[in-house]
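Written out below as structure tokens is the structure these notes cover.
Side chains are part of it too, since the values below use all heavy atoms of this structure and drop only hydrogens, waters and symmetry mates.
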Amino acid sequence: MANDCLFCKIIAGTIPCNKVYEDDEVLAFRDIAPQAPTHVLVIPKKHITGPAAVTEEDDSLMGRLLRAARQVADREGLSDYRLVCNNGAGVGQSVFHLHLHILGGRPMGWPPG
């Protein structure tokens with residue numbers, strides 16, 4: 001846990017969230033500034049700053065993160081959805097704790113951004 005990390009504080013329970021899923025390794029909660037009718041963040045409980053910081057040690061956790069995202073999407077009734085994972089401030093990462101955005105409930109164009 002990083003003491004100054006917003007998501008670590010949410011995991012610790014010192015900052016509340018609208019939780020939609022939790023297991024031993026993963027937490028999912030509704031985004032406070034949704035960009036789609038369904039916008040859920042899925043985060044590992046282990047503090048990893050972003051995709052570029054994932055190591056071989058995290059292989060199993062990354063699989064768990066993706067499976068949790070699918071479970072959340074299923075629970076939210078989404079058959080079509082977008083998963084977004086940013087790496088770095090230049091592409092929009094504002095919280096430096098690895099997280100997936102599940103976005104759904106509206107049409108989305110390509111390319112994004």
Side-chain angles (χ1 to χ4, degrees):
M1 180 167 137
N3 291 335
D4 62 339
C5 174
L6 173 68
F7 289 172
C8 286
K9 291 176 183 177
I10 290 172
I11 292 163
T14 58
I15 295 177
C17 71
N18 186 348
K19 187 184 318 181
V20 297
Y21 176 87
E22 184 173 21
D23 65 28
D24 290 343
E25 298 180 291
V26 175
L27 175 66
F29 53 93
R30 298 199 187 282
D31 194 295
I32 62 168
Q35 301 300 304
T38 299
H39 188 169
V40 175
L41 301 177
V42 184
I43 66 173
K45 290 185 176 180
K46 176 183 177 183
H47 182 80
I48 301 170
T49 58
V54 172
T55 67
E56 187 175 325
E57 176 185 303
D58 302 315
D59 286 355
S60 177
L61 178 58
M62 293 305 99
R64 183 69 210 113
L65 195 69
L66 286 172
R67 286 192 322 276
R70 187 201 72 232
Q71 289 175 291
V72 169
D74 288 349
R75 289 180 182 184
E76 295 290 317
L78 299 173
S79 58
D80 296 333
Y81 56 94
R82 179 170 288 166
L83 289 179
V84 176
C85 187
N86 297 311
N87 189 80
V91 294
Q93 185 178 6
S94 59
V95 177
F96 291 87
H97 184 118
L98 179 70
H99 56 285
L100 301 176
H101 297 258
I102 300 173
L103 299 157
R106 68 168 172 81
M108 294 183 195
W110 193 262

Practice task
Specify whether F29 and F7 have parallel, tilted or perpendicular ring planes, treating 30° as the upper limit for parallel and 60° as the lower limit for perpendicular.
Solution key: perpendicular
[X] side-chain N/O to [Y] backbone N/O, donor-acceptor pair under 3.5 Å:
X: H39; Y: I32; result: no
X: T49; Y: F96; result: no
X: R106; Y: Q35; result: yes
X: Q93; Y: V95; result: yes
X: D58; Y: L61; result: no

Practice task
Could you work out the complete set of other residues in the hydrophobic cluster of W110, with links drawn between I, L, V, M, F, W and Y side chains under 4.5 Å apart?
Solution key: none
Practice task
Any pair with a residue in residues 24-39 that passes salt bridge (Lys or Arg N to Asp or Glu O under 4.0 Å), sequence neighbours left out, goes on the list, sorted by first then second residue, please.
Solution key: R30-E76
Counting C-beta onward and ignoring hydrogens, is there a side-chain heavy-atom pair between [X] and [Y] closer than 4.5 Å?
X: L66; Y: L100; answer: yes
X: I11; Y: H47; answer: no
X: E56; Y: D59; answer: yes
X: R67; Y: V26; answer: no

[X] versus [Y], closest heavy-atom pair with distance:
X: L98; Y: G50; answer: CD1-C, 3.7 Å
X: L83; Y: A69; answer: CD2-CB, 4.0 Å
X: A73; Y: I102; answer: N-CD1, 4.4 Å
X: H99; Y: C85; answer: O-SG, 3.6 Å
X: A36; Y: L103; answer: CB-CD2, 4.1 Å
X: R82; Y: G109; answer: NH2-O, 3.0 Å

Exercise for the section: Not counting sequence neighbours, which residues clear ring pair (Phe, Tyr, Trp, His ring centres under 6.0 Å) with Y81? List them please. Expected result: none
Please check if [X] and [Y] belong to a single hydrophobic cluster, counting links between Ile, Leu, Val, Met, Phe, Trp and Tyr side chain heavy atoms closer than 4.5 Å.
X: V40; Y: Y21; answer: yes
X: V72; Y: M108; answer: no
X: V20; Y: I15; answer: no

Measure the spacing between [atom1] of [X] and [atom2] of [Y] and express it to the nearest 0.5 Å.
X: R75; Y: T38; atom1: CZ; atom2: OG1; result: 14.0 Å
X: L41; Y: C17; atom1: CG; atom2: SG; result: 9.5 Å
X: L6; Y: H97; atom1: CG; atom2: NE2; result: 10.0 Å
X: I48; Y: T55; atom1: CD1; atom2: OG1; result: 7.0 Å

